[in-house]
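I have placed the structure first, in the form of structure tokens, so that the comments after it can refer back to it.
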Protein chains: 4
Amino acid sequence: MYHHISSYRVRYADVDQMGYMYYGNYSKLYEIGRVEALRNLGVRYRDMEQNGIWMPVYENHSKYIKPAKYDELLEINCKLEIIPSTRIVFTTEISNEEGILIHIGKTTLVFLDEKSGRIMSCPEMILEKLQPFFE
Amino acid sequence: MYHHISSYRVRYADVDQMGYMYYGNYSKLYEIGRVEALRNLGVRYRDMEQNGIWMPVYENHSKYIKPAKYDELLEINCKLEIIPSTRIVFTTEISNEEGILIHIGKTTLVFLDEKSGRIMSCPEMILEKLQPFFE
Amino acid sequence: MYHHISSYRVRYADVDQMGYMYYGNYSKLYEIGRVEALRNLGVRYRDMEQNGIWMPVYENHSKYIKPAKYDELLEINCKLEIIPSTRIVFTTEISNEEGILIHIGKTTLVFLDEKSGRIMSCPEMILEKLQPFFE
Amino acid sequence: MYHHISSYRVRYADVDQMGYMYYGNYSKLYEIGRVEALRNLGVRYRDMEQNGIWMPVYENHSKYIKPAKYDELLEINCKLEIIPSTRIVFTTEISNEEGILIHIGKTTLVFLDEKSGRIMSCPEMILEKLQPFFE
């Protein structure tokens, strides 16, 4: 398994009138989690995109356990539990300042060849970097 | 079953650099779908909230079939397939201008008594209005 | 002068924990105002963009007079007071359900030739359609 | 003068189909700038709010010099050039990875007594902490 931890401060822009982070804004935290997890492996999504490899989201499942509140510093734990194929599945566990797990997201993305518009396999470059974590 | 149709024009603010609506923004469309479905029944969420009944999201599942693109006028079909209990489950089917189903969301919310902070049953007022659709 | 009126329902996604629409979200209302004002003239921004004409924002001034609140149906009055040159200036006046002016925005955009990356004059096609309103 | 520097990584969620950060999203960067500038002084906005002092935005002026692009690590320089009275004015200068100034924002907020709903003077606690920077 490969995992990487990022952090995120909840902003006024994120919070609704219940004082909770709006349910749609967790998607941005998943994005931060997976992009930083890839960067930590040495893979920049912006480079992939410039090389014609897109990663659109195919499926997402979110579980809201407890609300995230304004100004809290959240911990984003992004996990890759399975070696990617044509799909890559990131599990995002979000904890609040007291270390309590408040949210779980599971996001499936596909690899898309921009030119042909076709689904493709996970680039070798990513597989090689993940290999050591799955031995 | 009860269902209600709303529409939504995809804005520049919604779209990412792939030219697709950003995956997190579908949550706003589910919100529009369910709030307008309730309004159509004669229930305004703002009144519920002022009466101390909150409806935080508990779970969400999203399936991205095809991308929504800039300036498309989407159709949001919000369905209630089961009579709500302490939970209410909205299924949102989104179609593009050509009538093609591009996205499905399934959102579970709970009823929360703001004062006590406790989960409560679906208010009678909503159940009464839904009754005719489930006979 | 040319002006066009659109409407916008304030969503939960828009509102912060003061119960006010978040100050950054008015930008989306200006966008709706100007895009619908152009559409009403027979100009679709998506077509312009496909023809290689971009309209990035150059300057914006916002005045927050009164807050917009959750679920209010706002009126967006988008005005063009000067014939556009290399710049186009939209004034957006937003009123709440009681008809009270709550917000004024003034947004300056430029016309950009995507290929050359250079500022260009307002396309003839827009000028022709605006002409009758400035006689 | 008091100033404080924060940083922000441009996310996919922030960028539009021109590949530029959407013009409305700079507001979030101003927010990060001023909240972190206050935190660096020892003032947490969340504490102020819990003590019944709100800071709604009254006016904003934005100048878009160059676009911010996906994945860029921006520098947010938040400046307080005048001692606050009933208003506080933050100037936000945003630079890109090459150190080029790409954006300037000027945001005026007021101090509001939540209970009375009235404008109030800047709390002593903030003035004391700012004093050394204005001597």
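Lettering follows sequence order; numbering is per chain, from 1.
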Test side-chain contact (heavy atoms from CB on, under 4.5 Å) applied to C:Met18 and A:Tyr12, step by step:
CA-CA 10 Å; C:Met18 290 190 286; A:Tyr12 222 77; 3.0 Å; yes
Pick from A:Tyr20, A:Tyr23, A:Tyr70: which one has the most heavy-atom pairs with chain C under 4.5 Å?
A:Tyr70
For the atom pair CG (A:Asp14) and OH (C:Tyr22), what is the distance rounded to the nearest 0.5 Å?
8.0 Å
For the atom pair CZ (C:Arg11) and CG (A:Asp16), what is the distance rounded to the nearest 0.5 Å?
15.0 Å
